[in-house]
Asks: 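Please find one structure pasted underneath; my questions will follow.
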Amino acid sequence: MRYIGSHLSLTAPDYFLGTVKKALSLGENTFMFYTGAPQNTIRLPLSALKIEEGKQLWLSSGHSLNHLVIHAPYIINPASMKPNTREIAIEMLAKELDRAEAFGVPYLVLHPGSDVDELGDAAFTETAKVLDLALEASSSKNTLICLETMAGKGHEIGRTFDAIATLRMRSAYPDRLGVCLDTCHINDAGYPVANVDQVLDEFDRIIGLNHLKVIHLNDSKNPMGSHKDRHENIGYGTLGFETLEKWFKHPKLEGIPFELETPWLGKILPYRKEIEMLRSGQYETGWRETLIASESLLSAPDKSPNP
Ligand code: FE
Ligand code: FE
Ligand code: ZN
């Protein structure tokens, strides 16, 4: 089975129920979400989020919670050794693990962080310690933290498979650490994404393919090795449709949730169209322009003359 969906928001008034409805309307059989605003630590109580209603709808539509993904807030920086930032990272990560468990979601994607203190190798030891402390502080027993492969912008750690493997090895709980591979990020980090087999072999040799739990399927605005991290719509970037379709349909990646994090077209979500093309293998040149034109036609005011 192939699982594909996108990064969606959790917004008032229906929260998780609304997110599930949105995912279903886009033809998704998986999706990823933030449990609140990604840039702050303010979280509504779980009781306000319509979790049960959302779960019921998702399950009764024939889908499983086992392929859902939560993205941890990006303000968490497990690699910062500033006392306050470090405490917040541990506390926030522990809470997010608890919340994932309450949602019944198995995967929590986390950016390994930025080595802002320029600790070099010691940053890996310290980051692994922060992950361990968060896992110990959380009551969650099952949620996996999925370390995301990063583009290598600024002091970002997690730019190479070796870096991710090192973090896993230095943790006391490597079994609680999975991996999220982002096609845009690894391209920008310098991996030849078009050569899927070569990249997967390298991943397998260094980390182990059994630890690959989530894929972020994005085209990239920039060439290989640019260290930029700017996502592009499927077919409009330097990776192209054929390469991304190869990833989605690769025999070794069966069963893994693929999440699109491609840019919106103004207020229009591109995901239904991107998913349709990836599933069918039929790329439609100019789809973005066509979609924008058809949507603006739909929302155009009724021009029929009054009687
Ligand atoms: Fe991410
Ligand atoms: Fe990503
Ligand atoms: Zn990114």
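In each ligand, atom 1 is the first atom listed, and ligand 1 is the first ligand listed. Counting begins at 1 with the first residue of the sequence.
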Asks: Rounded to the nearest 0.5 Å, how far apart are CD of Glu259 and CZ of Phe31?
Replies: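 Between Glu259 CD and Phe31 CZ, I get 9.0 Å after rounding to 0.5 Å.
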
Asks: If the cut-off is 2.8 Å, does any N/O/S atom of Glu261 fall short of it from the Fe ion (ligand 2)?
Replies: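 For Glu261, the answer is yes, given that an N, O or S atom comes within less than 2.8 Å of the Fe ion (ligand 2).
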
Asks: Please check if atom CZ in Arg86 has more than 12 non-hydrogen atoms from other residues, nucleotides or ligands closer than 6.0 Å.
Replies: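 Counting other residues, nucleotides and ligands, CZ of Arg86 exceeds 12 neighbours.
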
Asks: Give the name of the N/O/S atom in His185 that lies closest to the Zn ion (ligand 3).
Replies: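 The His185 atom nearest to the Zn ion (ligand 3), restricting to N, O or S, is NE2.
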
Asks: Just give me the atom name: the N, O or S atom of Asp182 closest to the Fe ion (ligand 2).
Replies: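 Going by distance to the Fe ion (ligand 2), the closest N, O or S atom in Asp182 is OD2.
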
Asks: Is atom CD of Glu242 surrounded by more than 12 heavy atoms (other residues, nucleotides or ligands) closer than 6.0 Å?
Replies: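 Result for CD/Glu242: open.
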
Asks: The Fe ion (ligand 1) to His71: any N/O/S contact under 2.8 Å?
Replies: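 Checking His71: at least one N, O or S atom is under 2.8 Å.
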
Asks: Kindly confirm whether the Fe ion (ligand 2) is within less than 2.8 Å of some N/O/S atom in His216?
Replies: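 Given the 2.8 Å cut-off, His216 counts as a ligand of the Fe ion (ligand 2).
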
Asks: Within His231, is some N, O or S atom less than 2.8 Å away from the Zn ion (ligand 3)?
Replies: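 Yes - counting backbone and side chain alike, His231 has an N, O or S atom under 2.8 Å.
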
Asks: What is the name of the N/O/S atom in Glu148 that sits closest to the Fe ion (ligand 1)?
Replies: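 This residue's closest N, O or S atom turns out to be OE1.
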
Asks: Centre-to-centre under 6.0 Å for Tyr271 and His7, is that the case here?
Replies: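 No, the ring centres sit 6.0 Å or more apart.
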
Asks: Can you name the closest pair of heavy atoms from Ala137 and Ala94 and give their distance?
Replies: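 Here Ala137 and Ala94 meet closest at CB-CB, 3.8 Å.
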
Asks: Restricting to N, O or S, what is the name of the atom of Asp229 that lies nearest the Zn ion (ligand 3)?
Replies: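 Atom name returned: OD1.
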
Asks: For Lys50 and Asp14, work out which heavy atoms get closest and say how close.
Replies: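 Heavy-atom minimum between the residues: NZ-OD1, 2.9 Å.
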
